[in-house]
Amino acid sequence: MKLVLVPTPIGNLEDITLRAINVLKSADLILAEDTRNTGFLLKHLEISKPLQSHHAFNEHQTLNKVIDRIKKGDKIVLVSDAGTPAISDPGFLLVRECLRNEIEVECLPGPTAFVPALVNSGLPCDRFTFEGFLPVKKGRQTRMKALAEEERTMIFYESPFRLVKTLEQFTEYFGPERQACVSREITKMFEENVRGTLTEVIASFANRTVKGEIVIVVAGK
């Protein structure tokens, strides 16, 4: 009995391992955050397998059925829309429930957006903290205040629609001269990395429309 988590490309469809492809080919069922996105990837890889939605809005309801299928011998594979499942994506609840039921969990290595963003930021990457998405409202200021004393490099995910506002909040809590790097569209054709002080990075994005996945890396105190 086993659940296998398979990382999928975060942009460039060539960023998938041979092992990941073979696991997808051998699956009895693939749990997908969005079956349309995963269906596109499977079509590209010439793989035809049953798909089932597994996302933040239904994962509580589907857990027991998935566990039952694994116990009956079905090979279940979990993927997210992009990157490694359970990293700011659904997956944690299913992993925890599998372990509680003494089901083996295996996670393949593969794409995760924050790793290339951290490495190419030029900021120290020997010690870092991954914060993912900050709370949108409740708890946001409390988290910012706590992170103001963080000495390790900090990594955040952010929506392009909130990018400038978040950077402005960082200047308030971390100071305008704190070094940072904003990476977007990692591995894609229009990949961009903007480095400098928070003030300089804000100036680069203030007067233009920003699209794509965003990773913000900020130096520690």
Ring centre gap for Phe170 and Phe156 strictly below 6.0 Å
yes
With heavy-atom distances below 4.5 Å as the criterion, would you say the side chains of Glu150 and Thr129 are in contact?
yes
Glu149 bridged to Lys221 by N-O distance under 4.0 Å:
yes
Report, as yes or no, whether the 6.0 Å neighbourhood of atom CZ on Arg208 holds more than 12 heavy atoms from other residues, nucleotides or ligands.
yes
Would you say CD of Glu151 has more than 12 non-hydrogen atoms from neighbouring residues, nucleotides or ligands within 6.0 angstrom?
no
Is it the case that more than 12 heavy atoms not belonging to Asn207 sit under 6.0 Å from its CG atom?
no
Could you verify whether a donor N or O on one side chain and an acceptor N or O on the other, from Thr166 and Arg140, lie under 3.5 Å apart?
yes
Taking the side chain from Thr8 and the backbone from Ser80, do they hold a donor-acceptor pair closer than 3.5 Å?
yes
When every non-hydrogen atom of Gly73 is compared with those of Asp28, the smallest separation belongs to O-OD2, 4.2 Å
Cys181 and Asn120: which non-hydrogen atoms are nearest, and at how many Å?
SG-OD1, 4.5 Å
Any donor-acceptor N or O pair under 3.5 Å, side chains Lys188, Asn12:
no
Pick from Asn101, Ile76, Ile103: which one makes a side-chain contact (heavy atoms from CB on, under 4.5 Å) with Met1?
Ile103
Please determine whether a side-chain nitrogen of the Lys or Arg among Glu59 and Lys65 lies less than 4.0 Å from a carboxylate oxygen of the Asp or Glu.
no
Between Tyr157 and Phe130, how do the two ring planes meet: parallel, tilted or perpendicular, split at 30° and 60°?
perpendicular
Considering all heavy atoms, the nearest Leu198-Ala180 contact
CD2-CB, 3.7 Å
Residues, nucleotides or ligands: over 12 heavy atoms within 6.0 Å of Phe133 CZ:
yes
How far apart are the C-alpha atoms of Thr199 and Val201, what are their side-chain angles, what is the distance that settles it, and do they pass the side chain to side chain contact (heavy atoms under 4.5 Å, CB included) test?
CA-CA 6 Å; Thr199 299; Val201 175; over 6 Å; no
Can you get from Leu13 to Ile30 by hopping between Ile, Leu, Val, Met, Phe, Trp and Tyr side chains that sit under 4.5 Å apart?
yes
Can you establish whether the number of heavy atoms outside Gln179 located under 6.0 Å from its atom CD is more than 12?
yes
Salt bridge flag under 4.0 Å for residues Asp34 and Arg36
yes
Please report the shortest heavy-atom distance between Leu42 and Leu24, naming the atom on each side.
CD2-CD1, 4.3 Å
Minimum heavy-atom separation for Ala20 and Val6, please, with both atom names.
CB-CG1, 3.6 Å
With a sphere of 6.0 Å drawn around CD of Glu14, does it hold more than 12 non-hydrogen atoms of other residues, nucleotides or ligands?
no
